[in-house]
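Each remark here refers to the structure printed beneath this line.
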Amino acid sequence: MPTVSKLVQLLVFLLCSLSVLHADLKDVVFVPQWVPQSQFAGYYVAKEKGFFEEEGLNVILKHVGINSRATSLELLQAGKADIVGLQLMQAIAARTNGTPIVNVCQITQISGLWVVADRPIRHMKDLNHLRIARWRSGHSELFDVLSHEYNLDIEWVPISRSVNLFIYGAVDATLCYSFNEYLTLLLSRGHIPEENVLRCQDHCFQVPEDGLYVTEEYYKLNKDTVDAFIRATKRGWDYAAEHPEEACDFTHKYMEASHVSTNPVLESLMLREFLRLQVNPKTGMRDYAPPTREVFDEMVQSMFRAALISKTVTYDEMIRHD
């Protein structure tokens, strides 16, 4: 049998070997745009399955609202994040306000922003003069554009994240995401009439939402790192699509560690719906295609007309598609 001293030497050797291996990994701080949930399952998979490490990365995953009160954009601006999740319209607004960020990967291809009302709403005009709940934190720029385009007069009621105002009848309608608040409403009510749901994507151009963003400087100095992160992320999402139960288990782990309440049924439905939003309607595949120049330019012009931005930005300034 080996002596105690030899066992100690072996243990020291193994610990040193692990330290060397870890030292070879490049630290990358990644911040999604909200608390842990299945909207970010692909990143959890990439982390837990070792896909990031296989690309030479030590990804430090932080969540806003838990690790920091700042938004993912604010952490990027402060130099406390390397890669962040943002919606494209949020990113366009930030870019025109002076933050030199670029889109390096488009995660979703269509919008999941919906409106659920207590009455039939077959057309945008049906929302005129209603009291509609919307988030204080934003994430509803698309509806600002549509409100302007359709000349709607809406009484907005600010909320944090709950749909309780709508459930208890305090508002006529509520903005919601198809992969989140809509599912909460559906589970609480059991049924939502189809005619009471208005999908923004049916009333405007196809708007991609969630994407990955870095500063121009970081991209210039760390393009290989960004490319490695994207490769691992795509593997993570592809694995999540093929193994949804395991992906939800990983999500539950992160939610539990962050003391975020979880509902296994809701998280499973959220993952399925978010994966649907990732499918490119033109190809029928999860191809992470960048926004097209036509869609991007239309988004910028629509935001400018609605006074959401005071100046424009070009496609080539913001979208990295090489």
Side-chain angles (χ1 to χ4, degrees), residues 32-45 63-66 85 87 107-108 110-122 126-127 130-140 142-143 156-202 209-210 237 240-279:
Q33 59 263 51
W34 192 232
V35 299
Q37 57 186 22
S38 289
Q39 180 183 0
F40 314 120
Y43 309 115
Y44 306 145
V45 170
H63 289 86
V64 296
I66 294 175
Q87 291 189 349
I107 301 299
T108 62
I110 58 177
S111 173
L113 184 62
W114 294 359
V115 184
V116 176
D118 60 5
R119 67 200 70 182
I121 45 171
R122 296 180 177 85
D126 293 333
L127 299 176
L130 296 188
R131 300 183 75 237
I132 304 179
R134 68 181 292 170
W135 307 283
R136 288 187 178 90
S137 58
H139 297 89
S140 49
L142 173 58
F143 210 90
W156 293 111
V157 179
I159 58 174
S160 295
R161 58 180 296 190
S162 173
V163 290
N164 287 343
L165 283 183
F166 178 70
I167 290 176
Y168 294 121
V171 293
D172 304 311
T174 185
L175 295 188
C176 60
Y177 275 102
S178 62
F179 57 85
N180 196 339
E181 293 84 4
Y182 174 78
L183 297 175
T184 300
L185 286 172
L186 187 61
L187 291 175
S188 66
R189 292 194 165 189
H191 173 70
I192 297 177
E194 179 66 21
E195 61 269 21
N196 289 20
V197 180
L198 186 146
R199 296 166 176 79
C200 292
Q201 69 194 56
D202 296 335
E209 287 173 342
D210 286 25
W237 278 115
E242 295 172 2
H243 306 87
E245 290 186 6
E246 188 176 356
C248 285
D249 288 341
F250 290 143
T251 299
H252 177 78
K253 173 183 174 180
Y254 280 82
M255 295 180 74
E256 191 175 56
S258 300
H259 306 290
V260 175
S261 59
T262 178
N263 178 325
V265 175
L266 176 62
E267 294 306 319
S268 178
L269 292 173
M270 179 185 291
L271 175 58
R272 183 168 65 184
E273 172 61 11
F274 196 78
L275 288 169
R276 184 187 72 83
L277 298 179
Q278 291 182 337
V279 176

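- The stretch residues 165-182 participates, sequence neighbours left out, in these salt bridge (charged side-chain N to carboxylate O under 4.0 Å, His left out) pairs: R119-D172.
- In this view, S268 and C248 satisfy the side chain to side chain contact (heavy atoms under 4.5 Å, CB included) rule, not counting sequence neighbours.
- For the salt bridge (charged side-chain N to carboxylate O under 4.0 Å, His left out) condition, the pairs that include at least one residue of residues 244-266, sequence neighbours left out, are E48-K253, K49-E246.
- T251 and A41 make their closest contact through OG1-CB, 3.6 Å (heavy atoms, listed as atom of the first residue, atom of the second, distance).
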From CA spacing to verdict: side chain to side chain contact (heavy atoms under 4.5 Å, CB included), L186, L269: CA-CA 11 Å; L186 187 61; L269 292 173; 5.8 Å; no
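- Residue pairs meeting the salt bridge (charged side-chain N to carboxylate O under 4.0 Å, His left out) criterion with at least one member in residues 185-202, sequence neighbours excluded, are E194-R199.
- Put simply, the side chain of V115 does not reach to within 4.5 Å of the side chain of C176, judged on heavy atoms.
- The shortest non-hydrogen separation linking H63 to P36 is CD2-N, 3.5 Å.
- In this structure, the separation between CG on L185 and CG on N196 is 11.5 Å, given to the nearest 0.5 Å.
- Using modelled atom types, one finds no donor on one side chain facing an acceptor on the other under 3.5 Å when comparing S111 with Q201.
- Between Y44 and Y254, the ring planes lie parallel to each other; the angle is under 30°, not in the 30° to 60° tilted range.
- For the pair L165 and V157, the tightest heavy-atom approach, listed with the atom from each and the gap, is CD1-CG1, 3.9 Å.
- Residues passing the side-chain hydrogen bond (donor to acceptor under 3.5 Å, both in side chains) test with S38, sequence neighbours excluded: E267.
- Here F166 pairs with nothing under the ring-ring contact (aromatic ring centres under 6.0 Å, His included) rule; sequence neighbours left out.
- L275 CG to E242 CD: the interatomic distance, rounded to the nearest 0.5 Å, is 10.5 Å.
- Applying the side chain to side chain contact (heavy atoms under 4.5 Å, CB included) rule to P244 yields the partners L271; only residues at least two apart in sequence or on another chain are considered.
- The two residues E209 and G112 have their closest heavy-atom pair at OE1-N, 3.1 Å.
- Looking at F143 and R134, their side chains never come closer than 4.5 Å, going by heavy atoms from C-beta outward.
- Not a single side-chain hydrogen bond (donor to acceptor under 3.5 Å, both in side chains) links T262 to another residue, sequence neighbours left out.
- Partners of W114 according to the ring-ring contact (aromatic ring centres under 6.0 Å, His included) rule, which considers only residues two or more places apart in sequence or in another chain, are Y182.
- For residues 33-43, no residue pair satisfies the salt bridge (charged side-chain N to carboxylate O under 4.0 Å, His left out) rule, not counting sequence neighbours.
- Taking the side chain to side chain contact (heavy atoms under 4.5 Å, CB included) definition, one finds that D210 meets it with Q33, Q39, Q87, I107, T108, F274, sequence neighbours left out.
- Checking each of L175, T174, V171 against I159 for a side-chain contact (heavy atoms from CB on, under 4.5 Å) leaves exactly one that passes, namely T174.
- Side-chain contact between D126 and L198 is absent, with no heavy atoms from C-beta onward closer than 4.5 Å.
- Looking only at distances, no side-chain donor or acceptor of S258 sits under 3.5 Å from a matching main-chain atom of V260.
- Note: S178 OG to I110 CD1 = 7.5 Å, rounded to the nearest 0.5 Å.
- With sequence neighbours left out, N164 forms a side-chain hydrogen bond (donor to acceptor under 3.5 Å, both in side chains) with S162.
- Considering all non-hydrogen atoms of both residues, M255 and Q37 come closest at SD-CA, 4.1 Å.
- Other residues, nucleotides and ligands contribute more than 12 heavy atoms inside 6.0 Å of the CZ atom of R276.
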